[in-house]
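No hydrogens, no waters, no symmetry mates; every other heavy atom, side chains included, goes into these values. Keep in mind that what you see is a predicted model, and the values were worked out from it rather than measured. By convention in this document, chain letters (A, B, ...) are assigned in the order of the sequence lines, proteins followed by strands, and residues within each chain are numbered from 1.
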Protein chains: 4
Amino acid sequence: MTRKIGILASGHVGSTIAHQLIIEGTTDSLVMIDPNVKKLAADVLDFQDAQANLDHHTTVFAGHYADLADADIVVSGFGNIAEAWKTPTDRFAEFSYSKQYVEASAPQLKASGFHGVLIVISNPCDVITSLFQKMTALPRNQVIGTGTLLDSARMKRATAAALDIDPRSVDGYSLGEHGNSQFVAWSTVRVLGEPIKKLLASGQYPDLDLDQIDHDAKMGGHTVFFGKQYTNYGISAAAVRLIKAILNDAHAELPVSNYYEPLDTYLGYPAIIGKQGIVKQLKLELTAQEQVQLKKSADFIKSKTAEALKNAE
Amino acid sequence: MTRKIGILASGHVGSTIAHQLIIEGTTDSLVMIDPNVKKLAADVLDFQDAQANLDHHTTVFAGHYADLADADIVVSGFGNIAEAWKTPTDRFAEFSYSKQYVEASAPQLKASGFHGVLIVISNPCDVITSLFQKMTALPRNQVIGTGTLLDSARMKRATAAALDIDPRSVDGYSLGEHGNSQFVAWSTVRVLGEPIKKLLASGQYPDLDLDQIDHDAKMGGHTVFFGKQYTNYGISAAAVRLIKAILNDAHAELPVSNYYEPLDTYLGYPAIIGKQGIVKQLKLELTAQEQVQLKKSADFIKSKTAEALKNAE
Amino acid sequence: MTRKIGILASGHVGSTIAHQLIIEGTTDSLVMIDPNVKKLAADVLDFQDAQANLDHHTTVFAGHYADLADADIVVSGFGNIAEAWKTPTDRFAEFSYSKQYVEASAPQLKASGFHGVLIVISNPCDVITSLFQKMTALPRNQVIGTGTLLDSARMKRATAAALDIDPRSVDGYSLGEHGNSQFVAWSTVRVLGEPIKKLLASGQYPDLDLDQIDHDAKMGGHTVFFGKQYTNYGISAAAVRLIKAILNDAHAELPVSNYYEPLDTYLGYPAIIGKQGIVKQLKLELTAQEQVQLKKSADFIKSKTAEALKNAE
Amino acid sequence: MTRKIGILASGHVGSTIAHQLIIEGTTDSLVMIDPNVKKLAADVLDFQDAQANLDHHTTVFAGHYADLADADIVVSGFGNIAEAWKTPTDRFAEFSYSKQYVEASAPQLKASGFHGVLIVISNPCDVITSLFQKMTALPRNQVIGTGTLLDSARMKRATAAALDIDPRSVDGYSLGEHGNSQFVAWSTVRVLGEPIKKLLASGQYPDLDLDQIDHDAKMGGHTVFFGKQYTNYGISAAAVRLIKAILNDAHAELPVSNYYEPLDTYLGYPAIIGKQGIVKQLKLELTAQEQVQLKKSADFIKSKTAEALKNAE
């Protein structure tokens, strides 16, 4: 068993990521941990019932933190739909719940001896990633949030739809908070061989509306959430892409929540990803407006993180 | 778009199958149809949000029956958890709901001009498969239920666990109804190079308990269902394996619900699967006891089907 | 059998592409055609010997042009190593051989009724693609050469190595002839979130040498060719990526050999790829120097194509 | 880099296995070692040229034995076509060459500190596997030859063709030497739900000719070899299947060359495969005739091995 991944929480997100990993044969061993032992047992058995009809073999089991000592990657996928549902357009709805979870989880993860890369999906993503890093005392490069990797995918989806092209043929990033203060850094977005702003200016695509795409990208999660009370497929694809970049030591460029020194906070910003997590951060030349937006988003994350840490004392 | 698949119902099962198909790049075009337009729109958007981070491109959209005219395969995945939950150990709990669904769905599917293979997952699987075949007037070979393909996988999982081997290294079938009258045809089960009955008799595996495995295989679905109020991963793997055998024209052997002439009913029985669905049915040499069990299971399915058809008049 | 691909010639390139398609399960049916019946029979049997140990089922067979009537894609992979070896740094070494092959092959392909997308790998790629288009009378959008898709990959490999990043994290194109007149259009190349020229100017990467990369990308094929007398893995990955974009109707952006109206010739230039081949061509804003280079490369291809057509009369 | 595989020799077999591993993303790091540095460099560069167009990232490099210290698996794929070609129907044609290779290679592999699983493909497979085990002093369970895994696949291919079914729907084994003394153990072969001998006796398949299949399976390699002077695709599929069973710790059942105590030799015989190589060997109930055939094959392998070891002194 040369690849080992742990997943904290078998909710909609955690179990869907587990499913994708199992189907693709991405890991040899998969440890699932959840206090809801009944749901967890159901998922694990369901995954095992799939094995006879799958191409890859994965050893999936309900485990404990101690099983994570030698894991390559641990994914924190916990969340609380009931809380989230109270104010569904605010990822901070789950804040109080998530904070308690981190406070309970991080010490156990630390005690396990885990020394791989921790991927945080739980919302509010940037704050929780920061909390996890502090409480596990893992090096900053080894604690990564999926952050705006999903938002960037949503921006690509909306942009691609407007231009009738493959989302994978859209380059660029959504930056900042995986939340309402995020923004598409349009200066980084390129399609059809040129900056999208130039394409827009050319008048060739009269229906191309960047504000609409920005709004659509930001609201995409809410649309999904309102429609089914959770989101799982988009985030699973983002998380698994990140997982593969780490396992393969790919040195692939991905916008994820990582510590951004100039603004002293975790936030969504592109970085090179390898087996030790963040290998190197990019240095974007953002426009003045984008810099303001990034600062504003950072300030928001920082204030929330400070609040969380204060309460945590 | 050379491969096209339609999925009826985006519930836990339908959406999980869609997810597996999208992740594996099994189809070029995926049409999803569900009367719950809000849930459907949420799933479709969520799938589209995944595309930028996936290896394969799939055109997924919320469609109509008319879109199925040229589909290679249509999967009926509808179900009703609320109904199922009333008597959770009885797959007939959903009978009334499912029957109404078929009555509404089959004429539209027929009217669409669909002439591919219809895969039925909806419970009670064997009865619903039979109803669909009659109401769509598709040739019998083109209407297949996943039937005991999942139960066989559960038997393999339980047998493999008892022997500490890969479930894929267990051969054999669960036969009959995808429901309580099903049974493991132990005469067909082989492991470690010999019939499991012989292995049992050898005394090498004192903990090997076939009755326990049979019970475990049959109850596996209930355990999952009680733990999370639905089952999705095991059935998805079964359905996708069947889908691939059809798309590839693989002539692969799989135990599925297909029309069994000797007992004049649909039931779980191994067949060779190709692009036209059932290519040929196997002729098993069952023991006298197994033949009795198969007959009993067939009688149950037949009586329920007759009841359904009578009510449908 | 919903996906069908034909491969003309089972040499190093054709058989390696067939292998990749079979391993990945990209096609349901694979027709291989080669006048060297002994080599062809050996490859087909070897592929069939692989099937029992693979995850996907592919029907592979030695066929005839008539089998291509309903193929989605046909790949022309013929070549002549003996000829190529005479002047190994010149892809025109195979010209005379290839021209004869097209003259023999195109009429048969046309007569078969094939109406899918024809992918041409044979060298000199741009000229042969053009010849095939004219002789099969297929619409221009349906005849595509792999062209500088491979050269772009080589540029990405060399650039990625210099920066210690994933080649997939390098954007940009090599343009023009898949041959000695090709060039890296550095104005299109972006890495680490910025144009590579800007990165170079920043002085952060003192070892970054674009001329060296350009030379390395262009000479990559020769290095491989000198080392083993053929190239197959890089070209196979390029061809299969193109094949998938077509089968999936992905509308993906790829630099391939397609008809470029402003210079009235086939040459390597980015386009959007879908099920009908070329969906739309990009409009790059090249530098004045790059425009000169493109024109020069186009002129070369045109003169060679004219020569070929003249001789063909 | 959590999965690491080494391949000794980048000939037709070694490079094809490398290609399959890279395409499927089976390993994170791939070390290739070959004294023919020019061919090796060409293959490695060619693989790197493929990376930008592939779904998975693999770090491929030309390495040294020292790089194998922490490899999970090493594959010995060396061979000598020139020698093999002298007497192409005899896998012992390469004996002298292979023996020298093992004598040169094994001490270096041992010195590297490699402690994973060694997979031997080089012919004569069973003898070379035995030599490697003795000379590396690795535990017997950690040294495995692909042996009759390929021959079993050939038997399945021929049987499946006769019955028009998927080769993966044929169960059973070819046993003994991966060479002329091998045989299909027909008592282990099951198709369409019954022993093939019973199916044959039923008269339903008048064209089913087991002697022909046996001959065809045994001669399959020769047909391929005569057609193209090497075999690579079938053996690659076999080797990669074995590799995955090891990496996944799948406990999958596969017929491979492993040490068979009753006859005190390595030979093709089914075993359960996991991360430590051979987990457990099956105990087949062969017919008296098959036992004689196995003994004869074992005697042949033993005499050749003894001869090899004697000369090696």
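Residue C/K156 touches chain D through its side chain alone, counting heavy-atom pairs closer than 4.5 Å. Of the atoms belonging to D/E24, it is side-chain heavy atoms, and not backbone ones, that fall under 4.5 Å from chain C. For C/N36, no part lies near chain D; criterion is any non-hydrogen pair under 4.5 Å. With a 4.5 angstrom heavy-atom cutoff, C/L254 does not touch chain D via any of its atoms. Heavy atoms closer than 4.5 Å to chain D are found in both the backbone and the side chain of C/A238. Residue contact with chain D, scored on non-hydrogen atoms closer than 4.5 Å, involves the backbone and the side chain of C/T16 alike. Both the backbone and the side chain of C/S15 have a heavy atom closer than 4.5 Å to some heavy atom of chain D.
Atoms CG and OG, on D/D49 and C/S236 in that order, are 12.5 Å from each other to the nearest 0.5 Å.
When each of C/V240, C/I22, C/L150, C/D55 is checked for heavy-atom pairs under 4.5 Å with chain D, C/D55 comes out on top. Contact count versus chain D (heavy atoms, under 4.5 Å) is highest, among C/I235, C/V170, C/L242, C/D43, for C/D43. Among C/K39, C/Q229, C/K228, the residue making the largest number of heavy-atom pairs under 4.5 Å with chain D is C/K228.
D/Y233 and C/F47 have parallel rings, their planes meeting at less than 30° on a 0 to 90° scale where 60° marks the start of perpendicular.
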Determine, step by step, whether D/V224 and C/Q48 satisfy the side-chain contact (heavy atoms from CB on, under 4.5 Å) criterion, reporting the C-alpha distance in whole Å, the side-chain angles of both residues, the deciding distance to 0.1 Å, and the verdict.
-> CA-CA 11 Å; D/V224 175; C/Q48 291 171 341; over 6 Å; no
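Evaluated for a side chain to side chain contact (heavy atoms under 4.5 Å, CB included) with D/L45, the options C/T223, C/D216, C/T231 yield exactly one hit, C/T223.
No side-chain heavy atom of C/Q51 sits under 4.5 Å from any side-chain heavy atom of D/D166. Taking the side chain as every heavy atom from C-beta outward, C/Q20 and D/H19 approach each other to under 4.5 Å. Contact of the D/R241 side chain with the C/L54 side chain is not registered, since no non-hydrogen atoms from C-beta on lie closer than 4.5 Å.
The closest donor-acceptor contact from the side chain of C/N53 to the backbone of D/A153 lies at 3.5 Å or more, if one exists at all.
Here the closest non-hydrogen pair linking D/R168 and C/H57 is NH2-CB, 3.3 Å.
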